[in-house]
Amino acid sequence: MPKAPLLAPPGPPTISFRWDGAPVAACPGDTVASALIAAGELATSRSAKYRRLRGPACLHGGCGTCLVRVDGRPNQRACLTPVREDMCVEPQNTYGGLDPTALVDQVFRRGIDHHHLVVYPRIANQMMQGVARELAGFGELPDAPPEDVAAVVDHAPEVLVIGAGRSGRALAAALTAAGHPPLVVERRPAAALGGSDLPARLLAGVGVFACYPQERLWAAASEQPPVLHRLRPRHVVLAVGAHEPTIPLANNDLPGVVSARGLADMLEQTGRKSSARVVVIGEGARAELLASTLAAERVPPARVRKLIGARRVKGVQLEDGKILRCDLVALAPDPAPAFELAAQAGAPIHFTGAGFAPVVDADGRIAAGPAAHPLEAEGAQTAPPPPWTLWAVGELAGATTPAEIRGTVDRCAAALVRALAESPDPKDSHARA
């Protein structure tokens with residue numbers, strides 16, 4: 001039976017690609033995830049271990065539940081992959097309509113621990129380990145090796161901004177207007193960002209994966225083409241936002257359970273309008289705002305007994321037994337700052353109540369952390385401090401509302417301009433090895 005469309009297009013669809021062998025119509029600006037959700041296709045893969053149905057969830061490229069095979073390449077995030085004419089997209093870890101979790105749940109009612117299952121006799125253990133290895137996986141190998149030769153590029157920017165979301169773009173615009181255009185690195189491809197205010201110096205589709213204070217560099221990489229970027233900046237601004245944690249509810253992993261913020265951002269970036277019945281689960285002003293943006297009913301998590309559905313979410317059952325029928329459930333928890341890169345850089349971290357965040361001053365400057373390598377013995381000579389100053393804006397700096405986010409950007413930009421004026425630096429250098 002054809003799926004009911006859930007998102008109205010901004011105009012006549014002009015792109016056609018194939019999903020599991022069937023044609024899907026899409027619009028310029030769509031990602032694979034937005035086009036599939038629009039067409040009512042919510043399940044894109046199955047989980048690596050138990051093959052539970054999975055679909056796009058965070059819609060920001062952070063969770064990995066929407067992994068698909070694109071033109072023979074496995075493990076591509078559907079929410080970050082722009083649609084192209086005649087591209088071939090396939091689900092991963094699927095066996096048609098087979099879902100072995102029902103059998104697993106019946107046989108192992110207290111959960112399955114494959115590490116200690118069927119330990120003896122040895123021959124039976126070898127068979128069991130083979131089954132476990134078959135259960136855990138991330139799709140088949142690519143159809144062909146990559147055609148591009150891997151390369152290394154060195155950068156020495158005056159200011160490096162990590163993240164091209166709202167706060168990253170606003171900060172880049174402010175610094176550019178002051179005569180200090182930063183290098184902006186963003187893991188999402190440019191086609192998936194949307195908007196006309198992209199920074200002039202933007203490395204899109206390049207994800208910063210580590211900071212190495214002892215080596216005095218930041219490392220980033222792109223997959224297509226395969227390039228390792230080594231970055232040695234004077235100032236680093238983390239505009240990485242926050243993670244959307246899940247809300248602990250029964251069946252919260254059903255396809256069609258998505259991040260409310262991710263859904264709102266996806267609609268804004270693609271120009272689509274929701275024609276789906278959406279229920280937002282969350283509490284507080286942020287959840288109220290997201291529910292209003294999505295024209296959805298909001299329910300506090302304490303009122304929810306479970307989400308209902310088998311192959312996709314179909315409703316929300318409340319504690320009083322009432323069922324709210326819906327096509328999508330949008331979770332709106334308190335965001336958890338994306339503190340990981342700051343922690344790698346040695347920043348002191350504190351608990352915010354919703355997650356962890358670096359300690360920052362009023363201008364967004366992150367306090368200097370220890371320079372010693374974590375594996376060095378106590379009392380060993382520490383390495384010299386890194387040659388950069390670390391900053392944070394937006395949600396990483398503790399902002400939650402648009403006005404607060406803009407305030408962190410304005411204060412950081414002003415402080416950065418002052419710092420750059422006090423200590424001018426030679427022009428950027430770039431070298432390809």
Side-chain angles (χ1 to χ4, degrees), residues 56-66 77 79-80 160-172 182 184-189 192-193 199 202-213 218-221 229 231 233 235-247 258-266 269 282 286 290 331-361 364-367 369 388-402 404-409 412:
C58 75
L59 301 173
H60 281 145
C63 66
T65 66
C66 64
R77 283 176 165 81
C79 64
L80 297 185
L160 170 66
V161 177
I162 302 177
R166 291 184 179 87
S167 55
R169 293 191 209 187
L171 180 71
V184 182
V185 179
E186 168 58 52
R187 62 190 176 91
R188 292 172 291 176
L193 293 175
L202 172 65
L203 288 178
V206 177
V208 177
F209 61 85
C211 170
Y212 299 98
W218 297 70
H229 297 265
L231 304 131
H235 299 275
V236 181
V237 183
L238 299 177
V240 291
H243 302 301
E244 292 285 308
T246 190
I247 297 177
V258 300
S259 157
R261 186 181 70 164
L263 180 59
D265 288 347
M266 186 187 73
Q269 292 164 7
R286 182 174 182 271
L290 287 167
L331 304 181
D334 291 332
F339 73 97
E340 293 83 359
L341 282 175
Q344 285 189 30
I349 303 298
H350 70 108
F351 185 62
T352 66
F356 294 91
V359 177
V360 301
D361 65 15
R365 189 191 302 262
I366 296 178
W388 56 70
T389 304
L390 199 59
W391 311 75
V393 294
E395 291 173 307
L396 187 62
T400 56
T401 67
E404 290 174 347
I405 290 174
R406 184 69 213 194
T408 66
V409 169
C412 182

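Sequence positions, counted from 1, serve as the residue numbers for this chain.
- Panel note: side chain Arg286, backbone Pro333; a donor-acceptor pair is recorded below 3.5 Å.
- In this structure, Cys79 and Cys66 approach most closely via the heavy-atom pair N-SG, 3.6 Å.
- Atoms CZ and NE2, from Phe339 and His350 in turn, are 11.0 Å apart once rounded to the nearest 0.5 Å.
- Side chain of Glu244 to backbone of Ser259: no donor-acceptor contact under 3.5 angstrom is found.
- Nearest heavy-atom pair across Gly394 and Ile405 is CA-CG2, 4.0 Å.
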Checking side-chain contact (heavy atoms from CB on, under 4.5 Å) for the pair Leu331/Val258: CA distance, chi angles, key distance, verdict? CA-CA 6 Å; Leu331 304 181; Val258 300; over 6 Å; no
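- Annotation for Gly262 and Leu59: closest pair C-CD1, 3.7 Å, computed over non-hydrogen atoms.
- Crowding of Arg166 atom CZ: a count of heavy atoms from other residues, nucleotides or ligands under 6.0 Å not exceeding 12.
- A 4.5 Å side-chain heavy-atom check between Leu160 and Val237 finds every atom pair outside the cut-off.
- At distances below 3.5 Å, not a single donor-acceptor pair connects side-chain atoms of Gln269 with backbone N or O atoms of Met266.
- For the residue pair Glu340/His243, the side-chain donor-acceptor check at 3.5 Å is satisfied.
- With hydrogens and angles disregarded, no donor-acceptor distance shorter than 3.5 Å links the side chain of Arg77 to the backbone of Pro56.
- Ile349 approaches Pro358 most closely through the heavy-atom pair CD1-CA, 3.8 Å.
- For the atom pair Arg365 CZ and Asp361 CG, the distance stands at 6.0 Å (nearest 0.5 Å).
- Residue Leu396 comes nearest to Ala338 through the heavy atom pair CD1-O, 3.5 Å, listed as atom of the first residue, atom of the second, then distance.
- At a threshold of 4.5 Å between non-hydrogen side-chain atoms, the residues Val185 and His229 do not count as touching.
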Evaluate the criterion salt bridge (Lys or Arg N to Asp or Glu O under 4.0 Å) for residue pair Glu186 and Arg169; output intermediate values, then yes/no. CA-CA 10 Å; Glu186 168 58 52; Arg169 293 191 209 187; over 6 Å; no
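- Across Pro335 and Pro245, no two heavy atoms sit closer than the pair CA-CD, 4.2 Å.
- The CG atom of Leu231 sits 12.0 Å away from the OH atom of Tyr212 when rounded to the nearest 0.5 Å.
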Hey, mind stepping through His235 and Trp391 against side-chain contact (heavy atoms from CB on, under 4.5 Å) and telling me if it holds? CA-CA 8 Å; His235 299 275; Trp391 311 75; 3.4 Å; yes
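- Atom CG of residue Leu390 and atom SG of residue Cys211 lie 7.5 Å apart, to the nearest 0.5 angstrom.
- Note that CG of Leu341 and CH2 of Trp218 are 5.5 Å apart. Values are rounded to the nearest 0.5 Å.
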As a quick check of understanding, evaluate side-chain contact (heavy atoms from CB on, under 4.5 Å) for Thr389 and Val236, giving each step before the final call. CA-CA 6 Å; Thr389 304; Val236 181; over 6 Å; no
Derivation of the side-chain contact (heavy atoms from CB on, under 4.5 Å) call for Val161 and Leu238: CA-CA 6 Å; Val161 177; Leu238 299 177; over 6 Å; no
